[in-house]
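Chain letters run A, B, ... following the sequence lines, proteins first, then strands; residues in each count from 1.
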There are 2 protein chains.
Amino acid sequence: MVLPQISDSEWEVMTVLWARAPQGAQEVIAALAGRRRWNSRTVRTFLNRLVKKGAVSYVADGNRYLYRPAVSREQCIHEESRSFVSRVFAGDAGAMLVQFVQQARLSAEEIRQLRKALEEKGKE
Amino acid sequence: MVLPQISDSEWEVMTVLWARAPQGAQEVIAALAGRRRWNSRTVRTFLNRLVKKGAVSYVADGNRYLYRPAVSREQCIHEESRSFVSRVFAGDAGAMLVQFVQQARLSAEEIRQLRKALEEKGKE
DNA sequence: CTCCCATGATTACGCCTGTAATATACTACC
DNA sequence: GGTAGTATATTACAGGCGTAATCATGGGAG
């Protein structure tokens, strides 16, 4: 199955659904209200498009729908990352990592975690 | 100055110009011929759009133009990366890195390089 | 029974993208 | 001086995206 293409705005909607599901449109709208000043109709449009794309499914609940993700966050992250690295770093993930590690602000905990992940890699 | 928005296809054209500049349209078309099966007119369209966006500048050279990047690769990478991390990882670069390190195939040299970069980070 | 309101469905619209084709201008050759 | 090539400039067109407004429908308030 090919993952549906998810736009920037749609991604925010997915984030809400990945955090909790199922949710009605009102709840999704409420969850987004803090971050984005979208008209409620706009959010409904995104939900519709996501359904049409197969990224979200729904079941009827009385007079409304309950929406839930139809694709996993992990898969989507994977796909987005792949396309990002391929675009910007010509597929060279190593180059990307080096650049990011040098540039990002990392907590001590993250550094520890990254070291550990690298150890694992080194063993292969 | 706000960086222009560069699309996927346009990014490939920029890559060619970042590698060597200035170049005439023919040279850019030739450079891309191996990777993408674009009609030469398509490439010219991208060059035009990039000029219009201010990402590329040109000077006349006889009957043709010589194009060169008007924005630096580093700036563009930075911007693309920022928007990617903010979108997919809600701005949490650390989370992104952990995910990538676990997932990417890395050469021994890259692992060494990353370790070193982490050492530097740890010292701060 | 009737009217309003919320909900989903359909439609709108301008800009961006991918992918070119057509038009115009200039040069180099016969 | 016309003609064939190139080069750039302009135009095309469908599908995606951001941002909503309008339409239709069914259930609850009165």
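The 5' end of DNA chain C is approached more closely, in terms of each residue's nearest nucleotide, by B/Glu10 than by the other of B/Glu10 and B/Thr42. Where B/Tyr67 and A/Thr45 each meet DNA chain D at their nearest nucleotide, the meeting point lying more 5' is that of B/Tyr67. Looking at which nucleotide of DNA chain D each of A/Asn39 and A/Gln5 is closest to, the 5′-most match is held by A/Gln5.
For the OP1/OP2 pair of D/dT8 and a distance below 4.0 Å, the side-chain nitrogens and oxygens of B/Tyr58 include no atom meeting the criterion. A sub-4.0 Å separation between OP1 or OP2 of D/dG15 and a side-chain N or O of A/Lys52 is absent. Side-chain nitrogen and oxygen atoms of A/Trp38 include none within less than 4.0 Å of the OP1 or OP2 phosphate oxygen of D/dA20. Residue A/Arg44 places at least one side-chain N or O under 4.0 Å from the OP1 or OP2 atom of C/dG8. Neither OP1 nor OP2 of C/dA6 sits under 4.0 Å from any side-chain N or O of A/Gln26.
The residue B/Arg41 sits close to a base: some heavy atom pair falls under 4.0 Å. A/Phe46 comes within 4.0 angstrom of a base, heavy atoms only.
Protein atom CH2 of B/Trp11 is 18 Å distant from nucleotide atom P of C/dC16, rounded to whole Å. Between the CG atom of A/Asn63 and the P atom of C/dC4 there is a distance of 19 Å, given to the nearest Å. Rounded to whole Å, atom C1' of D/dT8 lies 14 Å from atom CG of B/Asp61. For the pair A/Leu47 CG and D/dT19 P, the computed distance is 15 Å after rounding to whole Å. Summarising the geometry, the separation between CG on A/Leu50 and C1' on C/dA9 is reported as 16 Å, rounded to the nearest angstrom. Note: CD (A/Gln23) to P (C/dT7) measures 14 Å, nearest angstrom. Rounded to whole Å, atom C1' of D/dA20 lies 15 Å from atom CZ of A/Arg36.
Distance from the side chain of A/Asn48 is smallest for C/dT10 among the nucleotides D/dA7, C/dT10, D/dC17. Here the nucleotide nearest the side chain of B/Arg64, chosen from D/dT19, C/dG18, D/dA7, is D/dA7. With D/dG18, C/dG18, D/dC17 as the candidates, the nucleotide lying closest to the side chain of B/Ser9 is C/dG18. Considering only the side chain of B/Asp8, C/dG18 comes nearest among C/dG18, C/dG8, D/dC17. For A/Tyr65, the listed nucleotide lying nearest its side chain is C/dA9; candidates were C/dA9, D/dA7, C/dT17.
Of all the heavy atoms in A/Ala104 and B/Ala93, the pair that sits closest is CB-CB, 4.1 Å.
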Next on the checklist: Determine whether A/Met96 and A/Asp92 satisfy the following criterion, side chain to side chain contact (heavy atoms under 4.5 Å, CB included), listing intermediate values before the conclusion.
Outcome noted: CA-CA 7 Å; A/Met96 188 275 284; A/Asp92 185 351; over 6 Å; no

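One donor-acceptor pair, N or O on each side, does fall under 3.5 Å between the base of D/dT19 and the side chain of A/Arg49.
Considering CZ of A/Phe100 and CG of A/Leu106, their distance stands at 11.0 Å, rounded to 0.5 Å.
Taking a 6.0 Å sphere around CZ of A/Arg73, one finds it holds 12 or fewer heavy atoms contributed by other residues, nucleotides or ligands.
Ring geometry for B/Trp18 against B/Trp11 counts as perpendicular: the plane angle is over 60°, on a 0 to 90° scale with 30° as the lower cut.
Residues A/Met14 and A/Leu66 are members of separate hydrophobic clusters, defined by side-chain heavy-atom contacts under 4.5 angstrom among Ile, Leu, Val, Met, Phe, Trp and Tyr.
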